Amino acid sequence: MSEKNREGKRTAREQMLADRAADEARGRKKKKLIIGGVALAVIAAAVVVGVVVQDQRSKPETPTAAPAGAIGDKNLVIPVGSDNSPAVLTVYEDARCPACGSFEREFSSTISQLEDAGKIYTNYHIVSFIDRAVPGKGSRYGANALACAQDAGHFRDYHDVLYRNQPDETSDAFGDKATLISLGKQVEGLDTPAFEACVNNSTYSGWVSAVQQDFDKSSYKSTPTVLLNGQPIYPKFNNEEITPANLVKWVDAANQGKTLGTPGTHGQSPAPTSTASESNNPSPKAG
């Protein structure tokens, strides 16, 4: 075979190898592009899902049912006293909150006296965030039971009984519905099949979730949060510590020159004669 023929065959073989290498390189590149495209599609889908989920979380939940007499936007607030009282006391509380228990044991009788005298209209936001930090269901079940008591017209008395018998924050005794029903027997008018069914069925669970979601969106991050006509008064107001005597003094000062409301009925939570006295997130600057 001539040298020329050998050279021609070698050149052809080298060209064939080069072409094969080029094909393989193109194949690898194409595969990488396909894999990359799939990965981008997965990431994009995940981003879309995340945005949709976040959007859903940010939308306010509308409860399917609210307790009788509840007021405010979406009926998330439980009122006590007469709505024509000149001052509004706003209270954010969690049934498992030990600071709320301390506050109520010290102030509940004073608040009741102010309500019954037609001096304040108390608006309760019953939140349930402690269940998130301390595993359990007591915040949610307790809030539902309070809504059940409101439905029966005995919120105030049951509320006071609940806080007088509040367990240690970590025990989650209120996560036992039988305990909540048993405490209801201490309130005249709550030892009923209707109250028991309302507690056992978590009738107002949607309402409880909506109240908590409203609290999450507010500027308030702890309980108890206590406001008088929109101004924070707990634990201090105008550099004075809150005490039962100071609370009376502050309410009387706020009501100076104003007509007092209709005296309330002890232990009852009458439905208001007009619409809400407050928004769900009153401005701290409100007068």
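Please read these numbers as outputs of a predicted model, since none were measured by experiment.
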Less than 4.5 Å apart, any side-chain heavy atom of Pro86 and any of Leu260?
yes
Is it the case that the side chain of Ser209 and the backbone of Ser205 share a donor-acceptor pair, with hydrogens and angles ignored and the cut-off at 3.5 Å?
yes
Do you know which two heavy atoms are closest between Gly261 and Asn84, and how far apart they sit?
CA-OD1, 3.3 Å
Closest approach of Ala70 and Pro79, non-hydrogen atoms and distance?
CA-CD, 4.2 Å
For Val91 and Phe107, what are the C-alpha separation, side-chain angles and deciding distance, and is it a side-chain contact (heavy atoms from CB on, under 4.5 Å)?
CA-CA 12 Å; Val91 182; Phe107 288 91; over 6 Å; no
Can you check whether Lys119 reaches Asp252 side chain to side chain, under 4.5 Å on heavy atoms?
yes
Which value, rounded to the nearest 0.5 Å, describes the distance between Lys137 atom NZ and Arg96 atom CZ?
12.0 Å
Would a distance-only check, ignoring hydrogens and angles, find a side-chain to backbone donor-acceptor pair under 3.5 Å from Asn201 to Thr203?
no
Quick one: CG on Leu89 to OG1 on Thr122, what's the gap to the nearest 0.5 Å?
4.5 Å
Please name the pair of heavy atoms, one in Ala145 and one in Phe195, separated by the smallest distance, quoted to 0.1 Å.
O-CE1, 3.6 Å
Return yes if some donor-acceptor pair links the side-chain N/O of Asp83 with the main-chain N/O of Tyr121 below 3.5 Å, else return no.
no
Is it the case that Trp250 and Gln231 place a side-chain donor and acceptor less than 3.5 Å from each other?
no
So does Ala68 get a backbone contact from the side chain of Asp151, meaning a donor-acceptor N/O pair under 3.5 Å?
yes
Taken to the nearest 0.5 Å, the spacing of Phe215 CZ from Thr223 OG1 works out to 6.0 Å
Do Ser128 and Val211 come close enough that some side-chain heavy atom pair is under 4.5 Å?
no
In the structure I gave you, are the side-chain heavy atoms of Ile126 and Val208 within less than 4.5 Å of one another anywhere?
no
Between Asn144 and Ser202, is any side-chain donor less than 3.5 angstrom from a side-chain acceptor?
no
Cluster link Tyr163 to Phe174, ILVMFWY, side chain under 4.5 Å:
no
Check the pair Glu93 / Leu162 against side-chain contact (heavy atoms from CB on, under 4.5 Å), numbers first and verdict last.
CA-CA 12 Å; Glu93 291 181 325; Leu162 215 59; over 6 Å; no
All heavy atoms of Ser82 vs all of Ser85, minimum pair found to be O-OG, 2.9 Å
When you measure from the side chain of Ser102 to the backbone N and O of Pro98, does any donor-acceptor pair fall under 3.5 Å?
yes
Measure the CG-CG distance between Leu76 and Asp214 for me, rounded to the nearest 0.5 Å.
5.5 Å
Classify the angle between the aromatic ring planes of Phe103 and Tyr234 as parallel (below 30°), tilted (30 to 60°) or perpendicular (above 60°).
perpendicular
Can you check whether Ser139's main-chain N or O pairs, donor with acceptor, with Asp131's side chain at less than 3.5 Å?
yes
For a quick test of reading the model, state the closest non-hydrogen atom pair linking Trp207 to Ala147 and the distance between them.
CZ3-CB, 3.8 Å
Any idea which heavy atoms bring Ala152 and Leu190 closest together, and the distance?
CB-CD2, 3.7 Å
Counting C-beta onward and ignoring hydrogens, is there a side-chain heavy-atom pair between Asn165 and Gln186 closer than 4.5 Å?
yes
Evaluate the ring planes of Tyr124 and Phe155, with Trp represented by its six-membered ring, and classify them as parallel (under 30°), tilted (30 to 60°) or perpendicular (over 60°).
tilted
Please examine the side chains of Ile111 and Glu115, heavy atoms only from C-beta on, and report whether any two atoms are closer than 4.5 Å.
yes
If you measure only the distance, is there a donor-acceptor pair under 3.5 Å linking the side chains of Thr170 and Asp168?
yes
Determine whether Cys198 and Tyr204 satisfy the following criterion, side-chain contact (heavy atoms from CB on, under 4.5 Å), listing intermediate values before the conclusion.
CA-CA 8 Å; Cys198 184; Tyr204 293 111; 3.7 Å; yes
How about Lys177: does its NZ atom have over 12 heavy atoms from other parts shown lying under 6.0 Å from it?
yes
Here the gap from Asp160 atom CG to Ser112 atom OG, rounded to the nearest 0.5 Å, amounts to 5.0 Å
How long is the span from the CD1 atom in Ile78 to the CG atom in Asn123, to the nearest 0.5 Å?
10.5 Å
Hphob cluster co-occupancy, Ile130 + Leu180, side-chain heavy atoms under 4.5 angstrom
yes
Take Asp94 and Phe129 through the test side-chain contact (heavy atoms from CB on, under 4.5 Å) and record every step on the way to the result.
CA-CA 7 Å; Asp94 186 308; Phe129 68 94; 3.9 Å; yes
Would you say the side chain of Arg132 lies within less than 4.5 Å of the side chain of Gln212, judging by non-hydrogen atoms?
yes
Between Gln166 and Arg105, is any pair of side-chain heavy atoms under 4.5 Å apart?
yes
